[in-house]
**Q** 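Take a look at this one; I'll ask things after.
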Amino acid sequence: MDGIITDIQRFSVHDGPGIRTTVFLKGCNLNCGWCHNPETIHPRPELQVFPDKCIGCGACLTACPHVAHRLADTTRHFDRHLCTACGSCARTCYAEALQLVGRLVTPQQVLAEVLEDQPFYANSGGGVTLSGGEPLCQREFCIEILRLCKLVGIHTAIETNLAWPWECVESVLPHIDLVMADIKTMDPILHARWTGQSNDRILDNARRLAGRNLPLIIRTPIIPGVNDNEKTIAEIANFVANLANLRYYELLPYHPLGLSKYTSLGRESPIPEDARLDPETLTALAAVARQRGIPVRPAEST
Ligand code: SF4
Ligand code: SF4
């Protein structure tokens, strides 16, 4: 049973407790305008193009069997519609101006990489985290990785958008020690506008998860012009305060790092290039959430 991943990130400290190994799976059922990992949205491998790195060697022109790269007026052009993501050009591009994102792996191969970090889990309380993209787009692959990890005693976590039928979410729970999920807004229309789907299922699944004896971390990416206001955060915090198994609620500041990735994939981000979140706004919104009596990150500064 193969799956497609974009990366396995070692020594991660932002994807759950302790030192973790984060596996990024490719494919997502939402299309959030602010995604900072847009290379994980499409389910299949893709070619990323970084023109700034190109040294003009011309190797890609002959490497591509579909003539997706061509010269016009001494400038290299790439026609994404002709590309089948075979990776041939990326292998010849020593400047790394062309990079294939997405590789096919087995659950056993993922486990082998995860096991290299196992000595770091014990002392830190860490483990493995499945992220993406949306891991549940490859549900069977997820379950097999998680099952193998549990067999060797590794703590397992999943970062999921919860935008699934409950039966789908429920099917992975026996293999999971911690669920991390986003609530971006309580407004179903705003949610649909910015992610492509209403939040009905997400909220319903969060309530159902609260009935299970499974630790839950809820996070909100704070996006300028979308949800960076006190009303939105107060509404989410009110909802989160009723989730019995909540470990903490975390506000994640928007970061424009994903913008260059959109360009490399031939896409445009709907978030303006100059959008920024200032630290004072994040601090003020965290204080609003804290008023609901729940543990909030970032923690109050002393
Ligand atoms: S192989 Fe890479 S460096 Fe060479 S021309 Fe093509 S994109 Fe540029
Ligand atoms: S990935 Fe393959 S098909 Fe796509 S441009 Fe490169 S060589 Fe051509």
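One-based numbering, in listed order, for ligands and for the atoms of each.
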**Q** Out of all atoms in ligand 2, which are within 4.0 Å of some heavy atom of A68? Include the element for each.
**A**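 Those of ligand 2 that fall under 4.0 Å from A68 are 5 (S).
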**Q** List every atom of ligand 2 that sits less than 4.0 Å from any heavy atom of F78, numbering the atoms from 1 in the order shown and giving each element.
**A**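 Per the distance check, 5 (S).
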**Q** Considering only heavy atoms, does C64 approach ligand 2 within less than 4.0 Å through its side chain, its backbone, both, or neither?
**A**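 Both backbone and side chain of C64 come within 4.0 Å of ligand 2.
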**Q** Would you call E46-R80 a salt bridge at under 4.0 Å N-O?
**A**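 Salt bridge flag = no for R80 with E46.
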**Q** Can you tell which part of A90 has a heavy atom less than 4.0 Å from ligand 2: side chain, backbone, both or neither?
**A**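 For A90, no heavy atom sits under 4.0 Å from ligand 2.
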**Q** Salt bridge or not for E116 and R10, using N-O below 4.0 Å?
**A**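 So E116 pairs with R10 through a salt bridge.
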**Q** Determine, considering heavy atoms only, which of C57, A63, A59, C60 sits nearest to atom 4 (Fe) of ligand 1.
**A**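 Minimum heavy-atom distance to atom 4 (Fe) of ligand 1 goes to C57.
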**Q** With a cut-off of 4.0 Å, which atoms of ligand 2 are near a heavy atom of H69?
**A**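 Matching atoms, with element in brackets: 5 (S), 6 (Fe).
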**Q** Report the nearest protein non-hydrogen atom to atom 8 (Fe) of ligand 1: residue, atom name, distance rounded to 0.1 Å.
**A**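 Looking only at protein heavy atoms, the one closest to atom 8 (Fe) of ligand 1 is C54 SG, 2.4 Å.
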**Q** Answer yes or no: is there an ion pair linking R103 with D7, defined by an N-O contact shorter than 4.0 Å?
**A**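 No, R103 and D7 are not salt-bridged.
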**Q** Angle between ring planes, W34 versus W194, binned at 30° and 60°: parallel, tilted or perpendicular?
**A**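 Ring orientation, 0 to 90° scale: tilted.
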**Q** Out of P51, A97, A95, C93, whose heavy atom sits nearest atom 2 (Fe) of ligand 1?
**A**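 The residue whose heavy atom sits nearest atom 2 (Fe) of ligand 1 is C93.
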**Q** What protein heavy atom sits nearest atom 5 (S) of ligand 1, and how far away is it?
**A**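 Protein heavy atom at minimum distance: G58 N, 3.1 Å.
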**Q** I need the single residue from V110, D2, L146, L130 that forms a side-chain contact (heavy atoms from CB on, under 4.5 Å) with F141. Which is it?
**A**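 The option that passes is V110.
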**Q** For atom 7 (S) of ligand 1, grab the closest protein heavy atom and report residue, atom and distance to one decimal in Å.
**A**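 Going by distance alone, atom 7 (S) of ligand 1 is nearest to R76 NE, 3.5 Å.
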**Q** Quick one: does R219's side chain get under 4.5 Å of Y249's, heavy atoms only?
**A**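 Heavy-atom side-chain distance check fails, nothing below 4.5 Å.
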**Q** Could you report the tightest heavy-atom contact between L71 and R76, atom names first, then the distance?
**A**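 The pair with the smallest heavy-atom distance is CD2-N, 3.7 Å.
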**Q** Which residue supplies the protein heavy atom nearest to atom 1 (S) of ligand 2, what is that atom called, and how far is it?
**A**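 Looking only at protein heavy atoms, the one closest to atom 1 (S) of ligand 2 is G87 N, 3.2 Å.
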**Q** Enumerate the atoms of ligand 2 whose separation from the nearest heavy atom of H66 is less than 4.0 angstrom.
**A**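 Ligand 2 atoms under the 4.0 Å threshold to H66: 3 (S).
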**Q** Got the closest protein heavy atom to atom 3 (S) of ligand 2, with its distance?
**A**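 Of the protein heavy atoms, T84 N, 3.3 Å lies nearest.
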**Q** How far does CG of L98 sit from OG of S264, to the nearest 0.5 angstrom?
**A**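 With rounding to 0.5 Å, CG (L98) is 10.5 Å from OG (S264).
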**Q** So that I can check it, does any N, O or S atom in C89 come closer than 2.8 Å to atom 6 (Fe) of ligand 2?
**A**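 So C89 does bind atom 6 (Fe) of ligand 2 by this criterion.
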**Q** To the nearest 0.5 Å, how far apart are CZ in R20 and OG in S131?
**A**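 So the CZ of R20 and the OG of S131 are separated by 11.5 Å.
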**Q** Give the atoms of ligand 2, by number and element, whose distance to some non-hydrogen atom of C86 is under 4.0 Å.
**A**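 Contacts of ligand 2 toward C86, numbered from 1: 1 (S), 2 (Fe), 3 (S), 7 (S).
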